[in-house]
**Student:** 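Got a structure for you, questions after.
All values below come from the heavy atoms of this structure, side chains included, with hydrogens, waters and symmetry mates left out. Positions are given from 1, in the same order as the sequence printed here. Remember, it's a predicted structure, so these values are computed and weren't measured experimentally.
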Amino acid sequence: MTGKQYTDQELVRGCRKGKRRFQEMLYKRYYGFAMSVCLRYTADREDAMEVMNDAFMKVFRHIDSFKEGAPFNSWFRRILVNTALDHYRTTRRFRLQQEWDGHMEEVWTASAAVDPGPEEILQLFAFLPDQYRLTFNLFEVEGYSHEEIAGMLGVSPGTS
């Protein structure tokens, strides 16, 4: 059977039994979802891949804490976001000012002239300082309050 023939619940049960085949199927099923979440929270694809793989490792290690019948993607999203926040806290790359290379200047100029497409927006979004990108995602995408975000990032609510 292929991974598409299994429900998320069946894949989770297989992972709980430590079956590598089920872990691989779960990884393949959620790779795109996980990468899209991680790219929103990290500065580049390499960091996103690191966060995503760390999150999958947490899933496989703590799969027993997943509640049977609950939506897997909601539980997994929370792990992805928390892993991205952990990554941010450990690296603490506060970039107060970004240097724009010729390519980004070119993208910015082209985007200002016409409506930017998704690729241009993602490229510009990647140049936000880490704390701004995290705050935006946590507030606008995940729905956390500024008080909750402040607690997660260790800053005041006003800073958030």
Side-chain angles (χ1 to χ4, degrees), residues 1-96 98 118-160:
M1 272 190 188
T2 64
K4 292 182 182 183
Q5 295 170 327
Y6 289 103
T7 67
D8 286 352
Q9 299 299 322
E10 290 169 327
L11 290 176
V12 167
R13 278 187 225 114
C15 290
R16 282 185 172 148
K17 294 176 183 174
K19 294 185 177 181
R20 297 274 185 216
R21 193 170 119 249
F22 282 83
Q23 291 175 343
E24 180 183 350
M25 286 187 283
L26 189 71
Y27 183 92
K28 286 179 179 177
R29 178 175 293 176
Y30 279 95
Y31 175 88
F33 168 77
M35 196 61 165
S36 69
V37 171
C38 293
L39 282 169
R40 285 199 316 264
Y41 284 92
T42 57
D44 56 42
R45 197 164 193 76
E46 187 176 307
D47 283 348
M49 185 66 91
E50 182 179 338
V51 169
M52 182 189 68
N53 285 328
D54 288 349
F56 270 111
M57 292 306 295
K58 288 179 183 179
V59 164
F60 297 140
R61 245 184 317 221
H62 303 288
I63 196 77
D64 290 332
S65 69
F66 174 70
K67 292 179 184 162
E68 188 83 24
F72 179 79
N73 63 338
S74 299
W75 182 73
F76 187 35
R77 176 188 293 276
R78 182 175 220 93
I79 291 172
L80 289 163
V81 170
N82 288 333
T83 304
L85 291 172
D86 290 344
H87 178 76
Y88 168 74
R89 282 187 214 101
T90 58
T91 58
R92 289 282 181 188
R93 291 180 296 179
F94 290 109
R95 289 176 282 171
L96 298 176
Q98 283 292 340
E119 282 298 314
E120 289 87 5
I121 291 171
L122 285 174
Q123 286 177 335
L124 293 171
F125 191 68
F127 272 81
L128 284 174
D130 290 343
Q131 192 166 2
Y132 293 173
R133 187 175 49 257
L134 289 171
T135 301
F136 178 84
N137 278 309
L138 290 169
F139 185 75
E140 291 295 335
V141 178
E142 305 298 335
Y144 288 102
S145 72
H146 286 293
E147 289 77 20
E148 292 170 315
I149 295 168
M152 291 174 182
L153 299 180
V155 298
S156 72
T159 301
S160 171

**Student:** In Å, rounded to the nearest 0.5 Å, how long is the span from OG of S145 to CG of L138?
**Tutor:**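 If we round to the nearest 0.5 Å, S145:OG and L138:CG are 10.5 Å apart.
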
**Student:** Find the distance between CE (M35) and OG1 (T42) and round it off to the nearest 0.5 Å.
**Tutor:**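 Separation between the atoms: 7.5 Å.
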
**Student:** Please give me the minimum heavy-atom distance between S156 and A150, naming the atom from each residue.
**Tutor:**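 In this case the closest contact between S156 and A150 is C-CB, 3.6 Å.
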
**Student:** Any sub-3.5 Å donor-acceptor pair from D8's side-chain atoms to F72's backbone N or O?
**Tutor:**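 Not at all, since once roles are kept as given, no pair shorter than 3.5 Å links the two residues.
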
**Student:** Look at the side chain of R45 and the backbone N and O of L39, then say whether any donor-acceptor pair between them is shorter than 3.5 Å.
**Tutor:**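 Judged by distance alone, no pair lies under 3.5 Å.
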
**Student:** Out of F60, F66, F56, which one pairs with F76 under the ring-ring contact (aromatic ring centres under 6.0 Å, His included) rule?
**Tutor:**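 Of F60, F66, F56, ring-ring contact (aromatic ring centres under 6.0 Å, His included) with F76 is met by F56 alone.
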
**Student:** Is there a donor-acceptor contact under 3.5 Å from the side chain of R77 to the main chain of F33?
**Tutor:**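 No, because the side chain of R77 does not come within donor-acceptor range (under 3.5 Å) of the backbone of F33.
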
**Student:** So do the side chains of H87 and T83 get within less than 4.5 Å of each other, counting heavy atoms only?
**Tutor:**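 Sidechains of T83 and H87: no contact.
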
**Student:** Give a yes-or-no answer on whether the side chains of Y88 and D47 include a donor-acceptor pair shorter than 3.5 Å.
**Tutor:**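 No pair is found: no donor N or O on one side chain lies under 3.5 Å from an acceptor on the other.
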
**Student:** Does the side chain of I149 reach to within under 4.5 Å of the side chain of F136, using non-hydrogen atoms?
**Tutor:**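 In short, these two side chains do not touch, never coming nearer than 4.5 Å.
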
**Student:** Evaluate the side-chain proximity of R16 to F22: yes if any heavy-atom separation is below 4.5 Å, no if none is.
**Tutor:**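 Answer no - side chains too far apart.
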
**Student:** In terms of side-chain geometry, is the basic nitrogen of E68 or R13 positioned less than 4.0 Å from the acidic oxygen of its partner?
**Tutor:**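 Salt bridge: yes.
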
**Student:** Return the SG to CZ distance between C15 and R61, rounded to the nearest 0.5 Å.
**Tutor:**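 Reported value, rounded in 0.5 Å steps: 14.0 Å.
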
**Student:** Can you measure from OH (Y41) to CG (N137) and round to the nearest 0.5 angstrom?
**Tutor:**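 Those atoms lie 4.5 Å apart.
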
**Student:** Using ring-ring contact (aromatic ring centres under 6.0 Å, His included) as the criterion, list what pairs up with F139, not counting sequence neighbours.
**Tutor:**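 F139 satisfies ring-ring contact (aromatic ring centres under 6.0 Å, His included) with H146 once adjacent residues are dropped.
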
**Student:** Got a donor-acceptor contact below 3.5 angstrom from the Q9 side chain to the G69 backbone?
**Tutor:**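 At least one qualifying donor-acceptor pair exists.
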
**Student:** Are the side chains of D86 and K58 in touch, meaning some heavy atoms are under 4.5 Å apart?
**Tutor:**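 Yes, at least one pair of side-chain atoms sits under 4.5 Å.
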
**Student:** When rounded to the nearest 0.5 angstrom, what distance separates CE in M57 from NE2 in H62?
**Tutor:**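 Here the interatomic distance stands at 10.0 Å.
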
**Student:** Measuring from M25:CE to Y6:OH, what's the distance to the nearest 0.5 Å?
**Tutor:**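 Going from CE on M25 over to OH on Y6, the span is 5.0 Å.
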
**Student:** Does any non-hydrogen side-chain atom of R40 lie less than 4.5 Å from one of E142?
**Tutor:**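 In short, these two side chains touch, coming nearer than 4.5 Å.
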
**Student:** Could you report the tightest heavy-atom contact between L80 and C38, atom names first, then the distance?
**Tutor:**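 Looking at all heavy atoms of both residues, the shortest contact is CD2-SG, 3.7 Å.
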
**Student:** Compare all side-chain heavy atoms of M52 with those of Y27 and state whether any distance is below 4.5 angstrom.
**Tutor:**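 The answer is yes, as the side chains (C-beta and beyond) meet within the 4.5 Å cut-off.
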
**Student:** Could you list the residues that satisfy salt bridge (Lys or Arg N to Asp or Glu O under 4.0 Å) with K28, not counting sequence neighbours?
**Tutor:**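 Testing K28 for salt bridge (Lys or Arg N to Asp or Glu O under 4.0 Å), a comparison that skips the adjacent residues, returns E24.
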
